[in-house]
Amino acid sequence: MGLNNAKFKLIIICMIFGTIGTFRRFIELPSGAMCFCRAVLAVLTILAYFVLTKQRVDMPAIKRNLKQIILLGALMATNWVCQFEAFRYTSIAISTVCYYTQPIFFLIGAALVFKEKLTARSVVCICIAFGGMILVSGVTGTGVDANTLKGIVFAVAGAITYAVIVIINKSLKDISTFDLTMAQLAFAAVMVLPYVLMTEDIGTIQLSLRGLICLLIVGVVHTGIAYVIYFGAVKELEAQTVAIISYIDPVEAVLLSAFLLHEPLTAMIVVGAAMILGATLVSELKQ
């Protein structure tokens, strides 16, 4: 995969990820149940790909990396629960800006693990993008009540776990992206199931047709298809590039929340979005 091709795929996937908060609002499931269904649907999607392309799951590669895959499954289950709980306790805007501290954690982790050198331009662009996210979120003009604080804590915890997930995926070289993604999603489903059974009353859950359609889209498109492409692209790109492009996702999420869910859209949000997209463009321009 060429670098430009990898960047293009990453941009498309980040745009897909940016719609997940909007879809979440139409799915009448608790966070844990939704995470479990999402993982199962994603695994079935990847298995369907193997069947259609007449490929086999590389079990020896999965066994070689089993410890890392189990860890990835646990982290992914934790990440999903944190992300959706953040959406439940606070607005998409506030939860998004906190969750998208993850490119910063990823950048720091990549510098430590992969010894990637940070350029001054990339650091400045990331700071500008994060500053834009603060403006987009509107957190500077709102008070922080108990529920909002819970949402912030969940979102930051999700950011840290997601950064670790990406770093581990980037470090595994002797297994295909399809096998790795399917295996970690399968373990994520297994690990989130006890949480669902202990905290949620399955018998009272009712899902509308609209909710079912949205759940299928989140499971098949946002998870099964998008994760395979995302992790494959991340392996080809430097952490600085991934960190900057990742900010496309929250800009889209906040704009969609404004236009579709009628959350406030102010001049500060527009300025913040321009800062993020501008920083993304400048970071990718050649010297």
Side-chain angles (χ1 to χ4, degrees), residues 10 13-14 16-21 23-24 27 29-43 46 67-90 92 94-110 113 133 150-172 177 180-196 198-200 215 218-219 221-231 233-234 239 242-243 246-247 249-250 253:
L10 184 60
I13 295 306
C14 284
I16 291 174
F17 285 158
T19 66
I20 194 169
F23 278 93
R24 172 65 180 105
I27 301 173
L29 288 179
S31 298
M34 179 175 172
C35 293
F36 175 75
C37 294
R38 177 185 184 185
V40 171
L41 287 169
V43 171
I46 298 173
K67 291 181 180 179
Q68 294 94 323
I69 290 171
I70 292 174
L71 175 60
L72 284 168
L75 289 170
M76 190 169 287
T78 303
N79 171 262
W80 287 347
V81 172
C82 288
Q83 185 182 18
F84 290 125
E85 286 296 304
F87 286 143
R88 185 162 72 93
Y89 280 109
T90 187
I92 288 179
I94 293 176
S95 58
T96 297
V97 72
C98 295
Y99 185 75
Y100 272 87
T101 55
Q102 65 91 357
I104 298 174
F105 293 121
F106 172 57
L107 200 62
I108 295 169
V113 176
M133 272 308 310
K150 285 182 182 179
I152 290 171
V153 171
F154 275 118
V156 173
I160 294 171
T161 55
Y162 192 77
V164 176
I165 289 168
V166 178
I167 289 171
I168 295 175
N169 271 273
K170 187 176 175 65
S171 67
L172 298 179
T177 307
L180 177 57
T181 304
M182 185 192 68
Q184 63 185 303
L185 285 168
F187 277 104
V190 171
M191 291 177 183
V192 82
L193 183 58
Y195 169 82
V196 176
M198 288 187 297
T199 62
E200 297 166 6
L215 178 62
V218 168
V221 179
H222 290 82
T223 313
I225 297 173
Y227 271 39
V228 169
I229 299 174
Y230 177 81
F231 289 130
V234 164
V242 175
S246 294
Y247 279 108
D249 174 346

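- For the pair G109 and I167, the tightest heavy-atom approach, listed with the atom from each and the gap, is CA-CD1, 3.6 Å.
- Nearest heavy-atom pair, A39 versus A189, reported as atom, atom and distance to 0.1 Å: CB-CB, 3.6 Å.
- Every residue two or more places apart in sequence or in another chain was checked for a side chain to side chain donor-acceptor pair (under 3.5 Å) with T181, and none qualifies.
- The CZ atom of F36 lies 12.0 Å from the CG atom of L29; values are rounded to the nearest 0.5 Å.
- Of all non-hydrogen atoms in V192 and A77, the two that sit nearest each other are CB-CB, 4.1 Å.
- Evaluation of the side-chain contact (heavy atoms from CB on, under 4.5 Å) rule for L75 yields L71, T161, V164, I165, I168 as partners, not counting sequence neighbours.
- The two residues C35 and V81 make their nearest non-hydrogen contact at SG-N, 3.7 Å.
- Atom CZ of residue F23 and atom CD1 of residue I16 lie 10.0 Å apart, to the nearest 0.5 angstrom.
- Once rounded to the nearest 0.5 Å, the distance linking CE of M191 with CE of M76 reads 11.0 Å.
- Taking 4.5 Å as the limit, some side-chain heavy atom of N169 sits within range of a side-chain heavy atom of Q184.
- Between L72 and F187 the shortest side-chain heavy-atom distance does not fall below 4.5 Å.
- Counting heavy atoms from C-beta on, the side chains of M34 and V218 come closer than 4.5 Å.
- T223 places none of its side-chain heavy atoms less than 4.5 Å from the side chain of L41.
- Going from atom CZ of R38 over to atom CD1 of I27 covers 9.5 Å, rounded to the nearest 0.5 Å.
- Between Y230 and Y162, the ring planes lie tilted relative to each other; the angle falls in the 30° to 60° range.
- Every residue two or more places apart in sequence or in another chain that forms a side-chain contact (heavy atoms from CB on, under 4.5 Å) with V43 is listed here: L47, M182, L185, A186.
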Checklist entry - Does the side-chain contact (heavy atoms from CB on, under 4.5 Å) test come out yes or no for V242 and F106, once each step is laid out? => result CA-CA 9 Å; V242 175; F106 172 57; 3.7 Å; yes

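- The line from CZ of R24 to NE2 of H222 is 13.0 Å long, rounded to the nearest 0.5 Å.
- From I225, atom CD1 reaches atom CD1 of I46 across 9.5 Å, with rounding to the nearest 0.5 Å.
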